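So the structure is just underneath, and the comments pick up after that.
Please read these numbers as outputs of a predicted model, since none were measured by experiment. Within every chain, numbering begins at 1; the chains are lettered A, B, ... in the order of the sequence lines, protein sequences first and strands thereafter.
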2 protein chains.
Amino acid sequence: SVGKDFILSKWVRDVWGFAREDTNRAIFALKVGLAMLLVSLLILVRAPFKVFGTNIIWSILTVGIMFEYTVGATFNRGFNRAVGSLLAGIFAIMVIEIAVHSGHVAEPYVIGLSIFLVGAITSFMKLWPSLVPYEYGFRVTLFTYCLIIVSGYRMGNPMRTAMERLYSIAIGGLVAILVNVLICPMWAGEQLHKELVNSFNSVADSLEECVQKYLRDDGSDHPEFSKTVIDEFPDEPAYKKCRETLNEAARLDSLASSAKWEPPHGRFWHFSYPWSEYIKVAAVLRHCAYEMIALHGCLHSEIQAPYNLRITFQSEILDATSQAAELLRSLGNDISNMRCSLHPSLLKRLHSSTGCLQRSIDLHSYLLTSTHNFYDRPAKPTDKLSNTLTLEDFSGLFTKVSSDGEPNPNPAVPTQAESYHETMRKQQRRLYSWPSREVDDFEDGGVDTDMIPRMRALESTAALSLATFTSLLIEFVARLDHLVDAVDALAKMAKFKRESAS
Amino acid sequence: SVGKDFILSKWVRDVWGFAREDTNRAIFALKVGLAMLLVSLLILVRAPFKVFGTNIIWSILTVGIMFEYTVGATFNRGFNRAVGSLLAGIFAIMVIEIAVHSGHVAEPYVIGLSIFLVGAITSFMKLWPSLVPYEYGFRVTLFTYCLIIVSGYRMGNPMRTAMERLYSIAIGGLVAILVNVLICPMWAGEQLHKELVNSFNSVADSLEECVQKYLRDDGSDHPEFSKTVIDEFPDEPAYKKCRETLNEAARLDSLASSAKWEPPHGRFWHFSYPWSEYIKVAAVLRHCAYEMIALHGCLHSEIQAPYNLRITFQSEILDATSQAAELLRSLGNDISNMRCSLHPSLLKRLHSSTGCLQRSIDLHSYLLTSTHNFYDRPAKPTDKLSNTLTLEDFSGLFTKVSSDGEPNPNPAVPTQAESYHETMRKQQRRLYSWPSREVDDFEDGGVDTDMIPRMRALESTAALSLATFTSLLIEFVARLDHLVDAVDALAKMAKFKRESAS
């Protein structure tokens, strides 16, 4: 009994938390209850029941089917139901006229055939791609048509039946719309607006998270791939959100198509507010997010640049990342506040720090392809930056290699070389699925001369993965330009307030 | 009138083409017509109408609402409708008992309150994440409850109303299910099976298309980014399909959850067929497809390796690509034929050709970071392959650089260097969004010694993009291992036929 109580109280707490998390949920539930009660009163109270008759129960069905979470979706369903019912009514009256004139014997056959045809035609039409959004309307047309024509045939006076039923449907629809719009309306447009802003933030968060993890990660503790493949990275909440952003295209589309049904309201005060522009911005943002996913793939790639090398470019990478994240957040913020600040200074800073990263990679690209001179210097980024590379330097390094022709020519730094190989060995654990000899094979025993190119190969592939990571980061930044353009276009069409502050 | 005829005939041709493209569409439409006709006959024919009474119209509504495209979805809807109606009936009878016992005055208040509560509770429950799939069931519960209790209150004899209505709903459900299952059934499982196989093929196609385009593309004719950003690459049909594959996660999920409702049928003859395993394979395939998207991003990246350099690794890249595509197709084929061939030889060949690409990149990695010796050799891949690089070679190259310290030390090959810069200039058009000096600045006029590192920087960034492309390709191949594992797991659980042929 104590256990039962415990489970019950946990359950109550869960439900309470769920309602608290988004109070609109509870409000929605109460609104449905209210709408149902109001429409039921039409029957429970004697006066309206006498006026409308038994057909009023159709208004209950209408409220039950039409009431949706957002105002736009309710309007959309209402439209489908109204047009569907109307079409069904018109068809039914036409067919009944024909059936009546075709004589007593032919009548049931005409009616039967018409039901078959209407069923087949509406069902075929709702499969047509551009008509798919009106699927519900076709469904309504079909069953309303059948109901009217069949009950007209069996119970007589089809016109009256049809009209009464349309009245009740209209009453039900009216109740649903009034309750939905007048009491705490939930606008699809508002939701779309918020979700777009959230997407910007989640891409920014995910970028920072991914880069920080890349620079922190020394390859020592990696979960097995099989555990992480099914989109579960428990220690990367931002990535999960970003991934969800990618899968939300369909949801945003449906929100936008609902939003188009909504009258101007609140902040979205002008007619024909450009909701479709939101979808375009979301598409460009997704385009950036795909690059983000590729970066994340590189983070979890099976071939990794050694930690020391990654750390070398730390400051440039971090700088570019934080600038990019800031730009993303500022764009999201602009949309959120519906103002249109110009971002020249942000963009300029981002470009300059990305350019800096690019130049730094290029200047030190010898680190990426040849590992020999890497151990000679401590992996302090500050040291590297102060060390502007001259051609003297280059020639010095190259002649050193050419003179003794071995990867690690300096015998004075065995510990650092050791730690590098240590790292490599660790990384061997998760990697190289194709057959290739491991570094360990060469470590012990004499180094065979003709084996050296191979060994270099493995090490240098690993180092090239840093180039991949930075290339992807740079490409991500390049795509942000287009995101800025898309947001500007949105700002223009939605008439955001123009501010000169960046 | 001729124009009208033309439009009409075009329209007819379109519709005919749409129906021909997938004959199941027309079959589905005819099935709906038939089901509607059958259920209408219950009223049109006198005998059953006398037995069931006017409540039989509920069976029409049930067929209209329940009939779905696939068998599984129809079962699922039927289950929702049945359980929803049943729960509503039970609630209604309980509440009516209470209301009757609470006296004549309190009765309408009890009923009104119960309607409000049922409305609020069902609406709240259907927002709960794990209950979302049963959204329709909650809707049915709500309006059936209201209908029963309200018409019971107003029209008397609630028990009889409720029972008659449940009968008619059961009859409607039965008709819908029988027609759906007995006449050309469309199985959700079959569809899921086919779509998964198609995804394999579209990823394979897309991979080949992307790589071929990358190797063919000489940077001369690129559409502006703004035109292509909204997922429109008209000349890349396979990429579009691959992209659609990524967005189909939700669709596959819903197919799988429908498939679980289906009885064993056709090739899927054993009970509890592992449909959820299909979802897992699809997730791993998506994981590969994300890498494919990154490759495609690299193809349309704003910084590109020069054509000559790309062509240098052509044979290795093409080899690895075709092996990977073959493996993908063979996996898809295995699933399609429900046999379980072992792929050791395919995997081995793929690994060896990927290893070959990797080694080739590593051995020639000096091409990626230093452009000086690139022009010296013609860009024939065969030449490169025959030219096994020795350390002598290395030292020779390095000393050459160190001795004169200029990027292009050989004045005998100006035309090739020219064409390279030509390419670079072309590529300058679409690139470097961040401020950086262009190659042209250095081309004319005397080359300033301290400017050289910068110039090298730009050229070498472009070359590094080839490293990015191949890294992504290699990572793609690495992920295929896990895809093979996932398919093997599926084959085991679904008891595919085991064949030893590869």
Side-chain angles (χ1 to χ4, degrees), chain A residues 25 29-30 32-33 36-37 40 43-44 57 60-61 64 108 112 115-116 119-120 123-124 127 142-143 146-147 150 154 229-230 247 249 283-284 287 290 293-294 301-302 351 354-355 358-359 362-363 365 369 391 395 398-399 402 405 433-434 436 457 460-461 464 467-468 471 475 478 481-482, chain B residues 25 29-30 32-33 36-37 40 43-44 57 60-61 64 108 112 115-116 119-120 123-124 127 142-143 146-147 150 154 229-230 247 249 283-284 287 290 293-294 301-302 351 354-355 358-359 362 365 369 391 395 398-399 402 405 433-434 436 453 457 460-461 464 467-468 471 475 478 481-482:
Chain A
R25 288 170 180 151
L30 294 177
V32 175
M36 271 310 199
L37 180 60
S40 301
I43 299 170
L44 294 178
I57 56 164
I60 292 182
L61 205 67
I115 289 174
F116 179 76
S123 303
F124 187 76
L127 295 178
L142 174 58
F143 70 69
C146 291
L147 288 175
V150 156
R154 231 348 117 194
V229 70
I230 313 297
N247 289 332
V284 181
H287 196 68
Y290 278 119
I293 297 289
S301 167
E302 317 213 326
H351 286 169
T354 312
Q358 195 187 8
R359 269 191 301 280
D362 294 331
L363 282 177
S365 59
T369 48
L391 280 173
S395 54
F398 288 151
T399 41
S402 57
S433 8
W434 47 91
S436 66
S460 106
T461 305
L464 274 179
T468 304
S471 293
E475 175 69 19
D481 275 10
H482 305 287
Chain B
R25 289 170 180 151
L30 295 177
V32 175
M36 271 310 200
L37 180 61
S40 301
I43 298 170
L44 293 178
I57 56 165
I60 293 182
L61 206 68
I115 289 175
F116 179 77
S123 304
F124 187 77
L127 296 178
L142 173 58
F143 68 69
C146 290
L147 288 175
V150 156
R154 235 340 124 194
V229 70
I230 313 297
N247 288 333
V284 181
H287 197 68
Y290 278 121
I293 297 288
S301 167
E302 316 213 326
H351 286 170
T354 312
Q358 196 188 8
R359 269 192 301 280
D362 294 331
S365 61
T369 48
L391 280 172
S395 54
F398 288 152
T399 41
S402 58
S433 11
W434 47 92
S436 66
S460 101
T461 304
L464 274 179
T468 305
S471 295
E475 174 69 20
D481 276 11
H482 304 288

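- The residue among A:A120, A:G119, A:G112 with the most heavy atom pairs within less than 4.5 Å of chain B is A:A120.
- In this view, B:L61 and A:W58, A:L61, A:F143, A:L147, B:W58, B:I65 satisfy the side chain to side chain contact (heavy atoms under 4.5 Å, CB included) rule, not counting sequence neighbours.
- Contact between B:L44 and A:P108 at its shortest, heavy atoms only, is CD1-O, 4.4 Å.
- Looking at A:I293, only its side chain comes within 4.5 Å of chain B, counting heavy atoms on both sides.
- With sequence neighbours excluded, the residues forming a side chain to side chain contact (heavy atoms under 4.5 Å, CB included) with B:F124 are A:V15, A:F18, A:A19, A:R25, A:A29, listed by chain and number.
- A:S471 and B:T468 get closest at one heavy-atom pair: OG-OG1, 2.9 Å.
- Here the straight-line distance linking atom CD1 of B:I60 with atom SG of A:C146 works out to 5.5 Å at 0.5 Å rounding.
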